[in-house]
Asker: 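First, the structure itself, so that you have it in front of you.
All ligand and atom numbering here is 1-based and tracks the order in the structure. Keep in mind it's a predicted model, so treat the numbers as computed, not measured. Only heavy atoms go into these numbers, but all of them, side chains included; no hydrogens, no water, no symmetry mates.
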Amino acid sequence: MERFSINIILKEKEYAENVLKEPKLSKKPSYDLRIVAKYLYHVENLKPNQIYKRLVKIMEEKYYNFAISQWQDLLLNIAKHAKKRDLINIDYIPVTKNELLTIDGIKSKPMKRIAFTMLCLAKYRNMVNENNRDWINYDFKDIFRMANVTATIKEQCFMIHDMKALGLIKMNKLVNNLSVNVCYIDKTESEEVLKIDDFRNLGYEYLLYCGEKFFRCKRCGVLKRRTASNMSYCRECAEIVENQKTKERVQKFRSSKM
Ligand SMILES: [Zn+2]
């Protein structure tokens, strides 16, 4: 079974509809299924047992080598909990001038990306739960991945420690977990500079704002480094598009021979 790793989707309805349309599930099937289950509950008004049946069908269709024995407990659990949370529908996370001024003022380049990522995560948590008050609770490895920063566990701890020393964050000392309070969220409502609607590569979003060269995949929208002038698809999508073209060429060739 895959290890659960965080993946934040702002428009879950759209995401679920896409999962149902695509021939294959993503590399994080249980994450996809959790969103689809919420969709089946809130949009299609299905009951838990109906949701379970649909999830099994989706796995049979879209997951290579699906074995019910390995998935049954998880699928039952996902179906049962589908009603617990609403479908998230956030257009974008605004990042303001003052917030960027704080982040731009940090000396370390990787720390800037971590600070930007933590800011977006905290603002996201505030939008999902109005009682949140600027807290985040994610594994550091997930935060660093989203920030596009490669670092060992030791380096991660040093950087978090430095951010605390700079007064950028506070840590929850009462509970033995990784709760972080982000202290540089703009409460003055200064000018909105960035609209972040994709959490896959938040570090790149910040570097794009800094003027570095990136492109968004035409098919899945992911932000990737631009290494050539004519790039339009990420590697995964380029492969899918290429396969599609080959298929079409073969069909055309066949029909011309008839
Ligand atoms: Zn893509």
Asker: Under the rule for salt bridge (charged side-chain N to carboxylate O under 4.0 Å, His left out), what residues qualify as partners of Arg54, not counting sequence neighbours?
Answerer: Glu44
Asker: Heavy-atom distance under 4.5 Å between the side chains of Ile88 and Tyr124, does that happen here?
Answerer: yes
Asker: Please assess Asn98 against Tyr184 for the test side-chain hydrogen bond (donor to acceptor under 3.5 Å, both in side chains), listing each intermediate value before the final yes or no.
Answerer: CA-CA 9 Å; Asn98 285 347; Tyr184 46 96; over 6 Å; no
Asker: Taking the inter-plane angle between the rings of Phe66 and Trp71 on a 0 to 90° scale, is it parallel (under 30°), tilted (30 to 60°) or perpendicular (over 60°)?
Answerer: tilted
Asker: Run the side-chain donor-acceptor check on residues 78-85: report pairs under 3.5 Å with partners two or more places apart or on a different chain.
Answerer:
unit_1: His81; atom_1: ND1; unit_2: Asn77; atom_2: O; d: 2.9
unit_1: His81; atom_1: ND1; unit_2: Asn77; atom_2: OD1; d: 3.2

Asker: Strictly by side-chain hydrogen bond (donor to acceptor under 3.5 Å, both in side chains), give each pair with a member in residues 228-249 just once, sequence neighbours left out.
Answerer: none
Asker: Take the Zn ion (ligand 1) as the centre and count protein N, O or S atoms at distances under 2.8 Å.
Answerer: 4
